[in-house]
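Counting from 1, the numbers follow the sequence of the chain as shown. Numbering of ligands and ligand atoms starts at 1, following listing order.
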Amino acid sequence: FLPHLVASLEQVEQTYIMVKPDGVQRGLVGEIISRFERKGFKLTGLKLFQCHKELAEEHYKDLKTKSFYPTLIDYITSGPVVCMVWEGVGVVASARKLIGSTNPLQAEPGTIRGDLAVQTGRNVVHGSDSPENGKRETALWFKEGELCEWTPAQAPWLME
Ligand code: GDP
Ligand code: MG
């Protein structure tokens, strides 16, 4: 227990990150996890999972009216995904920066999509777009008891 970290506890956010089926099929799981791990965020949930249609539809319900929605649901359910929850101060916006723009051709070099993908329909990774959605998506993809609360040994070397 690190008393000096308590002050920032209310600023700690949760984000739901997912390696999509193309990322898994292309052998990019380790590479993608590594980017969040090296940045200094805390992994609190991790599993390989075959997503079913109902879950994919609930996850992407805001996009239901889009023309690409049916192909998006097919894509996300086409093979296993790697589901993750990462925690930290500012993790939601920072993870979106690490991931890069939705269209990989517009994503900056150095970002996951900028380095590892070429097409919007195969953009290898998902990240929550707000702290509220971080909580919503975490609750959607992980059951009670699947998350792990822990204090990384490096904590005092990441936050003063
Ligand atoms: P994100 O938050 O950057 O992932 O982007 P959105 O929330 O706007 O869209 C969710 C996902 O839908 C994207 O990551 C893509 O996989 C897919 N998507 C979005 N726009 C398009 C599109 O124009 N065409 C296709 N094929 N897929 C799209
Ligand atoms: Mg989105």
Undergrad: Out of all atoms in ligand 1, which are within 4.0 Å of some heavy atom of Asn123? Include the element for each.
TA: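 The atoms of ligand 1 under 4.0 Å from a heavy atom of Asn123 are 13 (C), 14 (O), 15 (C), 16 (O).
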Undergrad: Do Trp141 and Glu146 have side chains that get closer than 4.5 Å, going by heavy atoms?
TA: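 The answer is no; the side chains never approach within 4.5 Å.
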Undergrad: Give me the residue, atom name and distance of the protein heavy atom closest to atom 15 (C) of ligand 1.
TA: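 Of the protein heavy atoms, Thr120 O, 3.4 Å lies nearest.
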Undergrad: Distance to the ring centre below 6.0 angstrom and angle to the axis at most 45 degrees; does that hold for Lys47 and Phe142?
TA: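 Flagged: Lys47 positioned over aromatic ring of Phe142.
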Undergrad: Among all protein non-hydrogen atoms, which one is nearest to atom 26 (N) of ligand 1, and what is the separation to 0.1 Å?
TA: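 For atom 26 (N) of ligand 1, the nearest protein heavy atom comes out as Gly121 CA, 3.8 Å.
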Undergrad: Should Leu46 and Val82 count as side-chain neighbours, where that means a heavy-atom distance under 4.5 Å?
TA: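 The answer is yes; the side chains approach within 4.5 Å.
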Undergrad: Identify, by atom number and element, the atoms of ligand 1 in contact range of Tyr60, meaning under 4.0 Å from any of its heavy atoms.
TA: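 Ligand 1 atoms under the 4.0 Å threshold to Tyr60: 10 (C).
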Undergrad: Is there at least one pair of N or O atoms, one from Thr102 and one from ligand 1, spaced under 3.5 Å apart?
TA: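 By distance alone, the answer is yes.
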Undergrad: What protein heavy atom lies closest to atom 17 (C) of ligand 1? Include the residue and the distance to one decimal.
TA: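 The answer is Leu72 CD1, 3.7 Å.
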Undergrad: If the threshold is 4.0 Å, N to carboxylate O, is there a salt bridge linking Glu149 and Lys42?
TA: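 Looking at Lys42 together with Glu149, the answer is yes, because their closest N to O distance falls below 4.0 Å.
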Undergrad: Indicate, as side chain, backbone, both or neither, the part of Leu63 found under 4.0 angstrom from ligand 1 when only non-hydrogen atoms are considered.
TA: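 Only the side chain of Leu63 comes within reach of ligand 1.
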Undergrad: Distance check, rounded to the nearest 0.5 Å: Ser94 atom OG versus Trp86 atom CH2?
TA: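 So the gap between those two atoms works out to 11.5 Å.
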Undergrad: Have a look at ligand 1 and work out which part of Lys20, if any, has a heavy atom under 4.0 Å from it: side chain, backbone, both or neither.
TA: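 The answer is the side chain.
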Undergrad: I need the nearest protein heavy-atom contact for atom 18 (N) of ligand 1: residue, atom name and distance, please.
TA: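 Among all protein heavy atoms, the one nearest atom 18 (N) of ligand 1 is Phe68 CE1, 3.4 Å.
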Undergrad: Looking only at distances, can you tell me whether any N or O atom of Arg96, backbone or side chain, sits closer than 3.5 Å to an N or O atom of ligand 1?
TA: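 Yes, there is a polar N/O contact under 3.5 Å.
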Undergrad: Considering only heavy atoms, does Arg113 approach ligand 1 within less than 4.0 Å through its side chain, its backbone, both, or neither?
TA: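 For Arg113, the contact with ligand 1 is made by the side chain alone.
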Undergrad: So, using salt bridge (Lys or Arg N to Asp or Glu O under 4.0 Å) as the criterion, who are the partners of Asp115 when residues are at least two apart?
TA: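 Partners of Asp115 under the salt bridge (Lys or Arg N to Asp or Glu O under 4.0 Å) test: Arg35.
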Undergrad: Looking at residues at least two apart in the chain, or sitting in another chain, which of them share a salt bridge (Lys or Arg N to Asp or Glu O under 4.0 Å) with Lys66?
TA: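 Partners of Lys66 by the salt bridge (Lys or Arg N to Asp or Glu O under 4.0 Å) criterion come out as none, since no residue qualifies.
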Undergrad: Please check this pair: side chain of Arg26 against backbone of Leu116, looking for a donor-acceptor N/O pair closer than 3.5 Å.
TA: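 Yes, Arg26 side chain to Leu116 backbone: donor-acceptor pair under 3.5 Å.
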